[in-house]
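Predicted model, so just to flag it, every value in this text is computed and none were measured. The chains referred to below are lettered A, B, ... by the order of the sequence lines, with proteins before strands, and numbering in each begins at 1. Side chains are part of it too, since the values below use all heavy atoms of this structure and drop only hydrogens, waters and symmetry mates.
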Amino acid sequence: MASATKLRILGQRSLQALPALVGIIIVTFVLTRALPGDPAVYFAGPAADARSIAEIRKQLGLDRTLIEQFGIYLRQLAQGDLGQSISTGQPVIKELVNRLPASIELTLVALLLSALVAIPLGILAATRPDTWVDHLCRFVTTAGVSLPTFFTGILLVYVFYYLLGWAPAPMGRLNVMYLSPPHVTGFFTIDALLAGDLETLRATLAQLILPATTLGLFTLAPLARMTRGSMLQVLGSDFVRTARAAGLSGRKVLFTYAFRNALLPVITTLGMVFSFTLGANVLVEKVFAWPGIGSYAIEALVVSDYAAVQGFVLAMAILFVALNLVIDVAYTLVDPRVGIEG
Amino acid sequence: MRRRSFISGTGAVVVGAEMLPFLKSSAAWAQATDTIVVAIGNTINSLDLHRVGTNRPAYQVTINCYDRLVTFGAKSQPDGTLVYDYNKIEGELAESWETAADGLSITFKLKKDAKFWDGTPVTAEDVKWSFDRAVAVGGFAATQMKAGGLEKPEQFEALDPLTFRVKLLRKSKLSLPDIAVPVPFILNSKVGKANVSEKDPWATEYFHRTAAGSGAYKVERWDPGQQIVYVRNDDWKGGKLPAIRRVIVREIPAQATRRALIERGDIQMAFEISAKDAKELKEKGSAVVVGAPIDNCMHVLCPNFNFEPFKDKRVRQAIAFALPYEQILNQAAYGRGAAMWGGKSTEPADISWPQPFPYKTDIDKAKDLLGQTPFKAGFEVPLSFDLGTAEWGEPTALLIQEGLAKIGIKATIDKIPGANWRTVALVEKKLPLHLDNFGGWLNTPCYYFYWAYIKGALFNSVNYEDAEMAKLVEETLHIASDDPAYAPKIKRMIAKAFDEVPRIPLWQPYLDSAIRKDVAGYSSWYHRQPDFRVLQLKKA
């Protein structure tokens, strides 16, 4: 049966991810230890002497051999304990649970905005090559990808907050006078909806608009270009010509035949852009004081906070694997061939 | 859960808190006459200063939420800004104190009515436990205590519930000021003892997340990485009750964002702004810039004695004459700093510290000095700075590079990531030429020299070694500043620093913050943290 085949594919895909995860655990452990800088010296503070540095090295467990440290790390990992981040003083797992939703929420909203603009734009550009729509598409995508995100971010803050006063103060996920909605999913929009608190929902969305637009502008380019390119290719292929020759309406050819096929590479791109953006939106997080995962990772890296860096990489790896699964599922839904041929 | 406890925790201002979600903008919220919103650029990573890994921004919790036995008073600068007064020690939890005639012990009488937030009285037992903790937890806390001669728990005695005695290892002028720094803060020992474990005898895990003291502000809410909210302790006995009821401190990493917020008036204070913003905000008048030079702190260029040419005094002096000081101060610090060059004489006129060194930009003299050495053909040297301080480090390094090029020294810029800086610069002390910005908490010249001019001292990153200097520091570190032997010895130390220039001062930096026009009472502190207890909001 087709559905059983699909399930088998999913199972295989999940199993294939396991060696990758094991590899990632080993590589991040080794790489963090290879970072320059000595965390014991760093955390011993501004006026430390050799004795206090040694004390701290012992407290951090850094006086043990690498093999021993790795053993301890694996044992903790097996218990679901990612260790304690020394720079923030919080358990890494707790930080990830708090910060990951903030980043995912921002990235998803950004991608949604971006896809809503990019896909229609790409289709229009593909159906009318070398017209003004096509040029517009080219201009918007080039501009979006060539402006660094922190610059767009600061520019948007300057215009919409500082000059016009339309946007709320860029102070994170919620303005000072709002309280975060009761924690259910960690997504403020969803949590606010669940609590039926429309006022907080509105405030959350207001805080999201500028950072999401900033990120969205950046992700516009790959999506629009990919849509245009794959649309052009599909529109030039035999089956579209056949469909046209058979006298099907332009709309039917475009949306039922061409678009569905052209969507496949767009979904792949979407997945890649998502995982890339999630880790790479550090600068946007900084500009908008967004308590996300990117700024956490960077700060941890700067102070050689081993547990936090390992936790971050592991979380991203798991997320990436999960995302690939989701994309595979999406493929099977969109592309009839996957079920039959797989 | 958090939401409910937040609201119920606000006590007297429940009405205000319930209204919160309906206010349309934070400006409206900020109009409440007893709340201020403050933006900081770093993150507060703990509520407990004694814990290993607690960062400098977290010290503000200790300052605002805990009391010490004593604290420093304040004085007005000529321009009207307030700064702490190192020479005026005032009681915080101590009502009075007395130094024994032999100077080997100090006895403190505690204020009778001082209470912790949970209503229990502050006793000498709590003080003893807190002092024991500060010397026992190790790391930074222990080192700072040691600077004041406070090293072992046996030195601390609770004589009766209201009397506490510190026995000193030696008579030292640094002991009492060291009790006034943020480190020996008084914790609620009953709460502490209830939360100890075998692995954690000082309840560091507990106090890391929960503050329990007697200070002017309680921690109402702490969202690590985002914000900390303080609410006033109306029963505070440590000083004059603060005018501000609630302080919301938000972590806003981007400097540009902080500046936009203060200019728009959505926050009342942007703490620790860049020299560039200070200059521009001042000119623009869109916010009030408050700040003062940081006591006992200089930005310096350090030539390492490990590097062959720098062993020669004339090479170091040549460098000191080759630096474009004026340009550095104007371009790297936007003029926000006190000049540390252009001193009149090679002999110091007084014992003030820091004071301008007798060097100025004089390329001919620099060439002449270098010409007398075997290195007259010039040489190549890496010039390092900490990427964490790139804001002033980078322009400074570039200008120094230019200046040195004029006398034939080719400096190559070497940027070192923050995590690595302490290891290579201060611990291994192996950077041939680098920038440093050490500042001593206790404001005496001997204290600065103790940290920066003695072999092996942490901030002596140039490996300077001089028997006379070591002897002078040892002789002056603990004796009283009005001792007749003190001034001549300090002058000799400064004269040696002038002549031998193992550290070449550039300027004394400012600590600047921006506040809205309706905020008053801001005071600058040597610990470089905001003290919210003294702030007021002027009614419009």
For this session: Check each atom of V137(B) against the heavy atoms of chain A and say whether the ones under 4.5 Å are side chain, backbone, both or neither.
Result: backbone
Exercise. Closest heavy-atom contact between K284(B) and Y162(A)?
Worked result: NZ-OH, 2.9 Å
Exercise. Just by modelled atom types, is the F288(A) backbone N or O under 3.5 Å from a matching donor or acceptor in the T257(B) side chain?
Worked result: no
Problem set entry | Residues that E95(A) engages under salt bridge (charged side-chain N to carboxylate O under 4.0 Å, His left out), provided they are two or more places apart | R99(A)
Exercise. Side chain, backbone, both or neither: which part of E251(B) has an atom under 4.5 Å from a heavy atom of chain A?
Worked result: backbone
Exercise. Do other residues, nucleotides or ligands put more than 12 heavy atoms under 6.0 Å from Y450(B) OH?
Worked result: no
For this session: Let me know if Q255(B) has heavy atoms under 4.5 Å from chain A in its side chain, its backbone, both or neither.
Result: neither
Problem set entry | Heavy-atom closest pair, residues R264(B) and G165(A) | NH2-CA, 3.4 Å
Problem set entry | Nearest-0.5 Å distance, CD of residue Q226(B) to CG of residue N98(A) | 7.5 Å
Problem set entry | Interface moiety of R51(B) toward chain A, non-hydrogen atoms closer than 4.5 Å | side chain
Seminar exercise, completed: To the nearest 0.5 Å, atom CZ of R173(A) lies from atom CG of D223(B) at 11.0 Å
Problem set entry | Residue among R258(B), R209(B), Q227(B) with most heavy-atom pairs under 4.5 Å to chain A | R209(B)
Exercise. Among S85(A), P291(A), A206(A), P168(A), who wins on heavy-atom pairs under 4.5 Å with chain B?
Worked result: P291(A)
Problem set entry | Atom of V157(A), atom of A260(B) and distance for their closest heavy-atom approach | CG1-CB, 4.4 Å
For this session: Heavy atoms only: give me the nearest I267(B)-M171(A) pair and the separation to one decimal.
Result: CG2-CE, 3.6 Å
Seminar exercise, completed: The interface call for A256(B) against chain A, heavy-atom contacts under 4.5 Å, is side chain
